[in-house]
Amino acid sequence: MHAHKENHDFEPKIIAFVCTWCTYAGADLAGTSRMQYPANTRVVKFPCTGRIDPVFILRAFQKGADGVLVSGCHPGDCHYMAGNFHARRRFAAFRALLDFIGVDLQRLQFSWVSAAEGGKWVEVATELTERVRALGPMREFKELEAEEQWSGVIDTPELQEAYNNIP
Amino acid sequence: MSRIGVFVCHCGENISRTVDVEKVAAEAARIPGVAYATDYKYMCSDPGQGLLKKAVAEHKLDGIVVAACSPRMHEKTFRNAAKSAGLNPFLCEMANIREHCSWVHEDREEATEKASAIVEMMVARVKKDRKLVPITVPVTKRALVIGGGIAGIQAALDIADAGHRVVLVEREPSIGGHMAQLSETFPTLDCSQCIMTPKMVDVANHPNITLHTYSEIEAVEGYIGNFQITVRKKARSVIEEKCTGCGVCSAKCPQKKIPNTFDKNLGFRPAIYVPFPQAVPNTPVIDREHCTRFINGKCGVCQKVCGPGAIDYEQEDRLIVEPVGAIVVATGFELYSISEKPKGSPIKGYGEFGHGTIPDVIDGLTFERLASASGPTGGKIIRPSDGKEPKQVVFVQCVGSRAREKGISYCSKICCMYTAKHTMLYKHKVHDGQAYVFFMDARTPGKSYDEFWRRAIEEEEAVYIRGMVSRLYQKGDKVVVMGSDVHVGVQVEIEADLVVLATAVQPRAGADTLAQKLGISYDSYHFYSEAHAKLKPVECATAGIYLAGACQGPKDIPDTVSQASAAAAKVMTLFARDELEREPIVAKVNERNCVACLYCKKVCPYGAVEEKEIRDRQGNLIRVVAYVNPGVCGGCGTCQASCPSKSVELDGYTDEQIMAMIETL
Amino acid sequence: MTNSAQTIDPALYAAVTDAVRAEARKVLESGAVAAVVGWQAGRRAGTAMPTIVTDPAKAADLIFSPACVNNLALYLTKAKKEVRGKGKIAIVAKGCDLKALVGLMGENQLKREELHIIGVVCAGVQGAAADRSLPLSEATIAGKCRECTVHTPENTDVTVGTLTELPHFTPTESAELARLEAMTPAERWSFWKEHFSRCIRCYACRQVCPFCYCEQCLCDRNRPQAVETTPRPAGNMAWHIVRAMHLAGRCAGCAECERACPMDIPLNLLNRKMARELKELYGHEAGFKPKEKGPLAEYREDDDQSFIK
Amino acid sequence: MPKTITEQNLRLLIDTLVKEGTRVVGPRAAGTMTLYEPLATGEELHLGELPRRSAKEAFFPLCETILTYEKDKEGVKVSDIDPARFPETVLIGARPCDVAAAPVLDAVFSWDFKDEFFLERRRKTTIIGLACTKADDACFCTAVGLSPSDTKGSDLFLTPLKDGGYRCDVVTEKGEALLSAHAGLFADGTGEPLPLAEPTLGKLDLEKIRNWLDSHFEDPLWEEIAQRCAGCGACAFLCPACHCFDIVDEGGEQKGARRKSWDACGFGKFTGHASGHNPRDVQPQRYRNRIMHKFKYYHDKFGQRLCTGCGRCIRACPVGIDIAAVLEEINNK
């Protein structure tokens, strides 16, 4: 039962945007069932996947997420009837856009996890964590964040150091 | 700068076993804006809440983060505590470091680090929390009960007796449900019909109950206190107001050979029929699928013989809209069928039991109809194939139930008891007969239950064989039962005259569709989910909707009635108030910025968005903006995610709150 | 419709110009409209600019030429309240511009009956770097016009001009789209990174877009700040992603954003990509008839969810 | 004594400067256009066309950080950017219409508050101007009193010669210093210059224009021109003389940076007040301010005008607004 902590060179930051009715409850169920999964995921609770703005995904990557999980109720199970249907289209479009921009979609996972699917939550969170761990850090947005227009660049060792510190 | 208080709960050892709670509190204290941070054994306890209230006053806190269990568990508790400390309850947030952390991680260092990160995230959020004032909405003191079995009947009667109007909707032509089909009931062996029918009549006669039988729920809109339901009243082809229930139509109907489903197809009924003699209402219905008139237009006898002229072949389904304030869902169960299941169904049939093709292999409910005094045989136990009295009956328990390989892993709870009852009923009627029961183990917790089961063995001479049945097959006029007796460790073969299978209790087909209409959640078997397994066993997570009976999970009659009364009590609690406070998690439009593209209106699942005209003092139209009706808004926030300029914002889940959380990554 | 001549006959535009002037004069004189939104010649040879004519005598200033690149639908949006305030408006519209008008109608921004649409048959307009002294040809025609399917606008109040045979033009936008799609994500990232890093956040792309009529752009908001406003590479990337997403399912492909960009960022590639995705996924095409709901405001229960676990 | 420098030595000069650690900014091919950008080698110098963006970037960056902050339990820690860290820069190959704007801008950045961000960069920048030999129909430097060979603002000034290479004139001491430090790359003498560019627009009476502006704050002209203005910042951002900037804090509550970046008077929110009031709430008012600022207010205060006739705003304007046409119209009134 006692899983030994493995030492990895890189522990990814995973942020999960979940709806309160299904996936959040599913994650709770994983807890009450004492299932085990990697500790990398940070959950942000929304009322519904319908509330999840693509900007949040973008922002998460910009702010240092190495992987993003978006999860809600199965089609037809939405507490608000149709929020997840709207979300499904929105995210289908957004992921196509991110792909076209050049973001590796392996870092962005969408799933339906119901309140009864504690096991599926564990599976989804574990899979994404392990996949992103294998991919390594999401360098693109972090590097971009450290870049300046040439005219604004100054000779600051701190900035250079910050840039070098991007894993 | 904010003055946030952070309270880290040990939850006994539930959290502190894997999370270094003191460290989490110490880390929290270092976050700018945190004025106070501490840890405590049980934050939800009275002293724990007292600690919180005291800290609010002493440290002039303007926001609170309780790092403990899931907000689904105790958010209300702590928000109430915050409120009584004089803080707006919406300035209190929970950091879920139990279900999402201590219970799912074993490494102490990792779990502690994660707990601190979760706390930091929630501190960031609470800084952006706004004071919200609950919205008051009127309560429509009228309840909808879905399902007219014993659960629905009990709930409807209780609510109606309390003086509130009830709309009871039943899918079948009569109320009564499964209990009306039963013979005697355990553990007292009183006649089911005898205790059931008076209640059915009470429903029919109750001035506060509007009964819609042969009806289904078409649509549900609205929210707690203010639902709007649409009932599809299926065409009965009989005008209820005119029908006197004389029964001439059924007697004269030339079409008489339709299998009687109420009797589990053991007998026949005409095309115009009442399901059983004690039906409520005692109004027949025309089975259009089998009626000659509807098949080829060549009959019309019932119309001719009906004195009051109640037969209406042209009748159409009617949609009735009813406002209700609360909903009790009591849609009951159905039995697992051993027949071959359609492809893709997670439930599997029993090929080894002949897939339901052996006529003398029946299920428990069929046995009930055989044993019932009002059943097709008048209570005489005979076998379906040749009408002979069976001398050796084998009962098999756990068919489908507790059989993961058959698609169901739960226990159906009632089978041990009803099988014991069946052996007794059998013995009472066939004195020289022998009952055998194959069982895995006997589950008889309940008042007088174990005594009852012992009686079946000790006094009524039922032979209980612990073991599983591997195969059933027809041999001559016998059914050979092959099984094992694990106590003795031998294979057993019994040549039975009749085999009764205690098949699993399952939710009604279509339970998922109804749940989707209601917006309630259900488990993988489609049993409806209660809000909390222990503390909210009657409530759905969706406010204003309550559960009663086997639709939530297998239950016997006493449990079902208890839960139905509990659901009724919840409804009455709700109806005790004229107005209801609801969470102010609703969308608001920033009218300055709104350009009325109305994307919000297009995506709103509630139809809560309207167009609003802004006029100057002279009454000239300046512009049109969107307006969200807070009473109708369900709070999903789909509007905000769709609004290009974010001119509509969901209170409690603002962009500022979310972005602040993301910022802490 | 191809011919052997490799250039487009300027006579087509001259004829349209005459007809536009006559129609504008007519509707202004009769009082049917308060203003006509059209194009007039610029100071420099071979240039044109949008104009709003209220005086019938000034109708003669109106022109139609390959320099009439602007999508005039811009002037009917809430971003341009001054124009709408004048009363009923006539607008000169190319097929591509008309698609934006149709989209605006679907978004509750315009009512068909409040417009008098003078459709112009258009064989194409100049590309950004074109030598203005030359007639339209493979070398000078704008990218979007090479793949135009709406030379003749429909559902107008009046449509002027006659389409002649057109030379065959090599599609450049779709070829570029295909080239990008064939790249690896990392290659695409560096492609866009280079372009976006050059962005100076002048917002010409936003300001000329008929669909960017928000009173307050999300990207100008600072509480919370969804997108950094300074022209650093990080904020630029975010801005262009958000812009493309906000236009998805709405953009009708007029390519004004790309034309207006002083830094030559191929913005219409993003719009085209999103349009194509939404067409493939949901069968949606913007700008042909006013729709109550765009592809991202509606759904089907059986929408594709192969990307969802 | 006049000097000359060969094409090859000019590039060698760049290489040498870069090696010495100087930032050399000059026209460089960038995708579909030419931009003033730091040159890694002399080879990168691309003098064929006028860069799309003006040279002001060399001392007035598109975006620069002016301080960073970090919040902790103890309070807010603010770190100022030290202008001493700005790089020594040589701006090379800049057109007279770009270079002439620099001294104009000095006035506004040093009259009251001394903007060290601008001034320190200016002090550290040596400008090698280049006479202009190619004009297009948007160019109008001569109409606003400049010429394609104007040395205003330059420290050294190059004039392309018919036989290749450049004549190099010393304009300032700073230029002299640069030249003497690399004297070996220059030769004595001169040559026949290439013909200068000839913008077509006739000379404008700028004093007359200023007088007209003085008395025409309210005039139908503003609406007539600017009702088509889309409200973008392309004109201001490409202009060598526009110098409005915005200061914003970016980052989170915990840490972030205060940044200064270009702003444009055409933006709707440019004059927006926190109250929501906007004194210039329609585009014609914004365009009027643009013209007034360039040809009246700035002149009233500093005796100079904020336009060098480079024509960038004309080329870039998405809706065809042509400042030369506007000036011409006022001139002809």
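Below, read A as the first sequence line, B as the second, and so on, with proteins coming before strands; counting in each chain starts at 1. Since the model is a prediction, treat every value here as computed from it, not as a measurement.
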Using 0.5 Å steps for rounding, measure from the CZ atom of Arg188(C) to the CG atom of Leu98(A). 11.0 Å

If you count the non-hydrogen atoms of other residues, nucleotides and ligands that lie under 6.0 Å from CZ in Arg112(C), is the total more than 12? yes

Measure Asn271(C) against the heavy atoms of chain A and call it side chain, backbone, both or neither at under 4.5 Å. neither

Contact list for residues 255-309 of chain C, test disulfide (SG to SG under 2.5 Å), sequence neighbours left out: none

Region of Asn236(C) that comes under 4.5 Å of a non-hydrogen atom in chain A: side chain

Do the charged groups of Arg232(C) and Glu148(A) touch, with an N to O distance under 4.0 Å? yes

Beyond-backbone contact of Ile308(C) with Val70(A), side-chain heavy atoms, under 4.5 angstrom: no

Separation of Phe91(A) CZ from Phe307(C) CZ (nearest 0.5 Å): 8.5 Å

So for Leu105(A), is it side chain, backbone, both, or neither that comes closer than 4.5 Å to the heavy atoms of chain C? neither

Between Glu298(C) and chain A, which part of the residue has a heavy atom less than 4.5 Å away: side chain, backbone, both or neither? both

If only atom types and distance count, is the side chain of Gln149(A) paired as donor or acceptor with the main-chain N or O of Ser197(C) below 3.5 Å? yes

Interatomic spacing from CH2 in Trp150(A) to CZ in Arg198(C) - rounded to 0.5 Å: 13.5 Å

Give a yes or no on whether Glu154(C) atom CD has more than 12 heavy-atom contacts from other residues, nucleotides or ligands under 6.0 Å away. no

For chain A, which residues of residues 212-230 of chain C have heavy atoms nearer than 4.5 angstrom: Leu218(C), Gln225(C), Ala226(C), Val227(C), Glu228(C)

Out of Ala238(C), Pro233(C), Ala248(C), Pro295(C), return the one with the most heavy atom pairs under 4.5 angstrom to chain A. Pro233(C)

Enumerate by number any residue of residues 273-288 of chain C whose heavy atoms lie under 4.5 Å from heavy atoms of chain A; in the absence of such residues, state 'none'. Lys273(C), Met274(C), Glu277(C), Leu278(C), Leu281(C), Tyr282(C)

Give me the atom names and distance for the closest heavy-atom approach of Ala297(C) to His86(A). O-CE1, 3.3 Å

Less than 4.5 Å apart, any side-chain heavy atom of Val113(A) and any of Lys309(C)? no

Sort by residue number and list every member of residues 138-146 of chain C having a non-hydrogen atom under 4.5 Å from chain A. none

Whatever's closer than 4.5 Å to a heavy atom in chain C on Arg90(A) counts as both

Output for pair (Trp189(C) CH2, Phe141(A) CZ), nearest 0.5 Å, gives 4.0 Å

Write down the atom of Phe94(A), the atom of Ile241(C), and the distance for their closest heavy-atom approach. CE1-CG2, 3.8 Å

More than 12 heavy atoms of other groups within 6.0 Å of Asp302(C) CG: yes

Engaged part of Phe196(C) at the chain A interface, taking heavy atoms whose separation is under 4.5 Å: side chain

How long is the gap from CE on Met237(C) to CG on Leu58(A), to the nearest 0.5 Å? 9.5 Å

So, applying side chain to side chain contact (heavy atoms under 4.5 Å, CB included) with Gln305(C), which one of Arg89(A), His74(A), Arg88(A) is it? Arg88(A)

Measure Gln62(A) against the heavy atoms of chain C and call it side chain, backbone, both or neither at under 4.5 Å. side chain

Say you draw a straight line from CG of Leu97(A) to NE2 of His240(C); how long is it, rounded to the nearest 0.5 Å? 12.0 Å

Who wins among Val124(A), Asp99(A), Val55(A) for the most heavy-atom pairs under 4.5 Å with chain C? Asp99(A)

Angle class for the Phe85(A)/Tyr299(C) ring planes (parallel below 30°, perpendicular above 60°, tilted otherwise)? parallel

Please report the shortest heavy-atom distance between Glu145(A) and Ala234(C), naming the atom on each side. OE1-CB, 3.5 Å

